[in-house]
Amino acid sequence: MYDYEDEDEDIFGAPATPVSSSPAVNFRDELNDDQFQAVTAPDGPALVLAGAGSGKTRTLTYRVAYLLSQGVSPEAILLLTFTNKASKQMLERVEQLTGIGAHRFLGGTFHHVGGQVLRLFGDSIGLPRSYTILDDGDSDSLLNEIIRDLDPDFFKSKENPKAKPIKGIISFSRNVMIEVEQVAKGRYPGNAELLAKINSFARHYQETKLQRGLADYDDLLVYWLEILENNQEAASYYQSRFSHLLVDEYQDVNSLQARIVDRIATNHQIMAVGDDAQCIYTWRGADLDQIMSFPERHPETKIYKIETNYRSTPEILKLANEILENRSSDQSFSKKLKASRPHHDLPTLVPTMDNYQQADFVLSKIQSLYDSGVNYDDIAILYRAHFHAMELQVELSRRGIPFVITSGMRFFEQAHVKDLVAQIRFVANPKDLTAFLRFSCLLPKVGEKTAAKLLALAEKKSLENGSSLVDSLDNDEVFKKVPKDAKEDWKSLLETLRNVDVLAATAKPAQVVEGAIEGWYQDYLRATYENWPRREEDLESLVDFASKYETLAEMLSQLVLLSSESGDRVVTKGERCLRLSTIHQSKGLEFPHVFVIGLADGLFPNKRAIDGEGDLEEERRLFYVAATRAERSLHLVFPMLSNQKGVPVRLVQSRFLKEISESRYDLHNAHSAFGPGRQSGNWNYRQNRGDRGFGSRSF
């Protein structure tokens with residue numbers, strides 16, 4: 001919990017002051033034609049569609065400088081961004097261009113600006129100006145407290161979610177402006193009693209925060225809009241206070257943010273800058289309809305398209321443009337990237353036999369690039385989901401190649417992977433206290449001291465009765481010492497451990513892993529994490545990993561070794577490393593050489609989108625974002641076989657690849673270089689293509 005630091009409050013409430021003399025900026029010479037038209041746009045609403053690598057930040061920066069050159073006061077310009085870093089960089093650049101101090105502007109994230117609004121007008125909606133902002137952990141704790149007060153038995157049922165996923169439902173509903181119960185219904189269909197309880201928890205959570213003078217991050221926006229809609233004095237102040245409003249990354253705004261913007265910009269002096277083709281965050285609330293309907297909500301909007309790309313070669317851009325050609329015209333703006341860089345090689349399409357040959361190909365190509373003088377930090381490997389890169393991470397660790405992961409921890413360092421492996425480790429070696437403490441401390445009210453005492457008592461009973469340690473953990477005397485809140489989970493956990501113990505004695509390692517996944521920990525994941533489906537995918541990929549080993553001891557030894565290698569290795573300052581990243585985390589970045597892996601249906605696009613449970617068009621946009629990260633070379637790689645729970649399954653290349661003309665890429669035969677993959681089968685790429693052959697280019 002912390003108090004909001006109001007660095008800009010004096011500026012925010014201060015009257016506009018004249019602009020001092022500043023160096024002249026030659027806008028015509030420093031901008032291309034598209035940028036110049038947008039930067040010098042006349043008053044009125046403007047929507048700037050800035051394609052990937054087209055200089056969006058430059059356009060926004062020069063727009064601010066242009067407004068200053070036209071006599072607009074810096075205090076009359078509001079710049080809304082999605083990161084404080086982006087705002088700071090833009091305003092520092094404006095200061096360099098114009099000599100006007102960055103401190104005179106108000107710019108920052110929606111939450112940053114919303115917090116200042118509440119300092120001035122929060123008391124009008126019952127929030128004291130001296131309110132305190134709850135950080136993520138504090139808000140979790142408060143909601144947990146409220147749920148326990150309202151329903152002391154709620155968390156005792158393993159069918160009920162914990163506080164964090166409930167808070168995620170509440171947060172999502174507020175940002176997309178949909179009733180909590182409706183959002184909860186999508187997560188827990190058919191459970192009317194649970195839906196009613198979540199609705200009650202949300203209501204009391206909100207009331208308690210107000211009573212205690214607290215606000216969470218969502219409140220900074222929700223209350224900001226409430227003030228604008230219900231406090232005419234405040235609304236008039238902000239509508240007249242800012243003569244010009246600029247919004248960055250407009251394709252990522254949610255319904256709540258868009259409504260705030262519309263309320264402030266009643267004079268329509270607004271410029272929204274974004275790219276509908278890069279809207280890839282709808283799963284967390286971004287609303288594509290907001291950028292698409294912008295011209296309707298702001299009459300006489302002039303649309304500017306910035307299409308010259310300064311990042312990628314013409315060959316990469318032609319492929320990227322084709323990715324978008326099959327989009328629905330009523331859900332997108334037409335736009336075609338134009339190249340400014342010289343010609344280079346065509347992108348390469350690489351079918352591989354399986355995930356292992358995919359890893360072999362990528363690392364072989366990276367070695368070739370490295371030998372030719374390319375630094376590791378000029379190379380990125382992108383993927384749709386974290387587990388798609390597991391085999392790559394294994395090979396990189398084995399070969400000692402330095403790499404960092406933009407999208408989070410390395411695969412074997414992730415908490416849910418370690419939690420599951422700890423259960424298998426303990427069954428294999430009941431003396432492994434570290435493993436026991438890791439998973440047993442996930443139970444309610446069980447800390448390390450309690451867990452150690454329970455294990456010591458079980459060891460004693462095991463010696464007395466001649467029983468296994470796993471069976472002794474279920475001894476009545478041990479069970480009596482289990483905290484009351486953990487007793488139901490304890491029974492479920494022991495059932496899982498016994499099942500894993502039986503499998504360990506009779507089954508292959510892949511079956512052991514699968515048994516562990518389908519037990520107690522699966523219920524724990526689903527109750528604890530909002531993103532449990534992704535975490536389950538990670539765990540299921542361990543089944544494939546385990547299928548390579550004949551014995552459990554061999555598999556565990558390799559797991560511990562890999563975890564140790566990846567976890568202990570520290571990247572030294574200045575060391576050049578490969579970049580591994582989910583595509584979502586790579587947005588805004590660029591690399592000379594890019595590999596996009598896992599481009600098979602069911603992986604990318606993912607199965608949920610194909611089955612209609614997700615957004616297939618967003619998957620297409622995600623592919624476009626991936627392709628446009630590349631500057632010089634682009635490799636598109638996919639496996640034709642995959643292990644799913646230990647069973648080889650044939651894959652077909654991504655439907656997005658099928659839509660691309662063959663002339664846009666070179667087809668590479670990975671089999672000739674590496675031989676067959678590590679799974680049986682001999683799938684022909686022409687068959688895998690599905691709808692048409694390749695003549696002399698197939699194999």
Side-chain angles (χ1 to χ4, degrees), residues 8 11-12 14-109 113 241-250 261 264-265 267-275 301-311 337-341 588 590:
D8 296 309
I11 297 173
F12 201 66
T17 55
V19 179
S20 58
S21 59
S22 58
V25 180
N26 190 326
F27 296 98
R28 179 61 276 181
D29 287 352
E30 297 188 30
L31 301 166
N32 67 32
D33 291 343
D34 292 345
Q35 293 169 341
F36 180 76
Q37 291 299 317
V39 164
T40 61
D43 286 349
L47 177 60
V48 180
L49 300 172
S54 65
K56 170 183 67 67
T57 300
R58 183 179 184 83
T59 301
L60 262 175
T61 300
Y62 275 79
R63 175 62 175 176
V64 175
Y66 178 77
L67 292 174
L68 296 174
S69 74
Q70 299 302 297
V72 177
S73 167
E75 290 85 1
I77 300 172
L78 173 59
L79 174 62
L80 291 173
T81 62
F82 276 83
T83 66
N84 280 313
K85 180 181 178 182
S87 172
K88 183 180 179 182
Q89 288 176 339
M90 285 185 214
L91 294 180
E92 285 179 348
R93 179 61 178 140
V94 169
E95 183 172 351
Q96 294 170 5
L97 283 171
T98 66
I100 307 300
H103 67 279
R104 293 187 59 184
F105 300 87
L106 181 63
T109 65
V113 176
R241 171 76 175 78
F242 299 109
S243 62
H244 288 81
L245 173 58
L246 289 83
V247 188
D248 188 20
E249 301 285 9
Y250 194 79
V261 168
I264 295 176
N267 61 1
H268 300 301
Q269 300 302 338
I270 174 175
M271 176 174 282
V273 182
D275 182 6
T301 290
K302 188 166 180 58
I303 296 177
Y304 300 89
K305 296 180 182 180
I306 305 178
E307 298 174 304
T308 301
N309 175 286
Y310 292 95
R311 176 185 301 156
L337 296 176
K338 297 175 289 189
S340 64
R341 298 189 62 172
E590 56 188 36

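Nothing here was measured: the structure is a model prediction, and the numbers come from that model. The figures here come from the full heavy-atom set of this structure, side chains too, leaving out hydrogens, waters and symmetry mates.
- Every residue meeting the side-chain contact (heavy atoms from CB on, under 4.5 Å) condition with Thr59, not counting sequence neighbours, appears here in chain and number order: Gln35, Ala38, Val39, Ile306.
- Of the possible polar contacts, none joining the Thr301 side chain to the Ala46 backbone as a donor-acceptor pair under 3.5 Å is found.
- In this structure, the salt bridge (charged side-chain N to carboxylate O under 4.0 Å, His left out) partners of Lys338, at least two apart in sequence or on a different chain, are Asp34.
- The two atoms that bring Leu245 and Ala265 nearest to each other are CD2-CB, 4.0 Å, heavy atoms only.
- Counting only residues at least two apart or on different chains, the salt bridge (Lys or Arg N to Asp or Glu O under 4.0 Å) pairs with a member in residues 44-60 are Lys56-Asp248, Lys56-Glu249.
- Tyr66 meets the ring-ring contact (aromatic ring centres under 6.0 Å, His included) test with Phe27; sequence neighbours excluded.
- At least one side-chain heavy atom of Val72 sits under 4.5 Å from a side-chain heavy atom of Ser243.
- Within the model, atoms CG of Leu49 and CG of Asp275 stand 7.0 Å from one another, a figure rounded to the nearest 0.5 Å.
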Tabulate below the donor-acceptor pairs under 3.5 Å that side-chain atoms of residues 82-91 make, not counting sequence neighbours, or state none.
{"from": "Thr83", "atom 1": "OG1", "to": "Ala86", "atom 2": "N", "distance (Å)": "3.0"}
{"from": "Ser87", "atom 1": "OG", "to": "Gly107", "atom 2": "O", "distance (Å)": "3.4"}
{"from": "Ser87", "atom 1": "OG", "to": "Gly108", "atom 2": "N", "distance (Å)": "3.2"}

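- To the nearest 0.5 angstrom, Ile77 atom CD1 is 5.0 Å from Leu67 atom CG.
- Within the model, atoms OG1 of Thr40 and CG of Leu31 stand 8.5 Å from one another, a figure rounded to the nearest 0.5 Å.
- In terms of the salt bridge (charged side-chain N to carboxylate O under 4.0 Å, His left out) criterion, residue partners of Glu590 (sequence neighbours excluded) are, by chain and number, Arg311.
- Residue pairs meeting the ring-ring contact (aromatic ring centres under 6.0 Å, His included) criterion with at least one partner in residues 29-54, sequence neighbours excluded, do not occur; the list is empty.
- Annotation: salt bridge (charged side-chain N to carboxylate O under 4.0 Å, His left out) contacts of Asp29 (sequence neighbours excluded): none.
- Residue Asp33 holds its CG atom at 12.0 Å from CD of Glu307, rounded to the nearest 0.5 Å.
- Residues Val273 and Leu246 are not in side-chain contact: their nearest non-hydrogen atoms beyond the backbone lie 4.5 Å or more apart.
- Taking OH of Tyr304 as the reference point, atom CE of Met271 lies at 6.5 Å (rounded to 0.5 Å).
- For Arg93, the side-chain contact (heavy atoms from CB on, under 4.5 Å) partners two or more places apart in sequence, or in a different chain, are Thr61, Tyr62, Gln96, Leu97.
- The side chain to side chain donor-acceptor pair (under 3.5 Å) search around Asp43 returns His244, not counting sequence neighbours.
- Every ring-ring contact (aromatic ring centres under 6.0 Å, His included) that Tyr250 has, sequence neighbours left out, goes to Phe294.
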### Query
Could you go step by step and tell me if Leu68 and Val25 meet the side chain to side chain contact (heavy atoms under 4.5 Å, CB included) rule?
CA-CA 11 Å; Leu68 296 174; Val25 180; over 6 Å; no

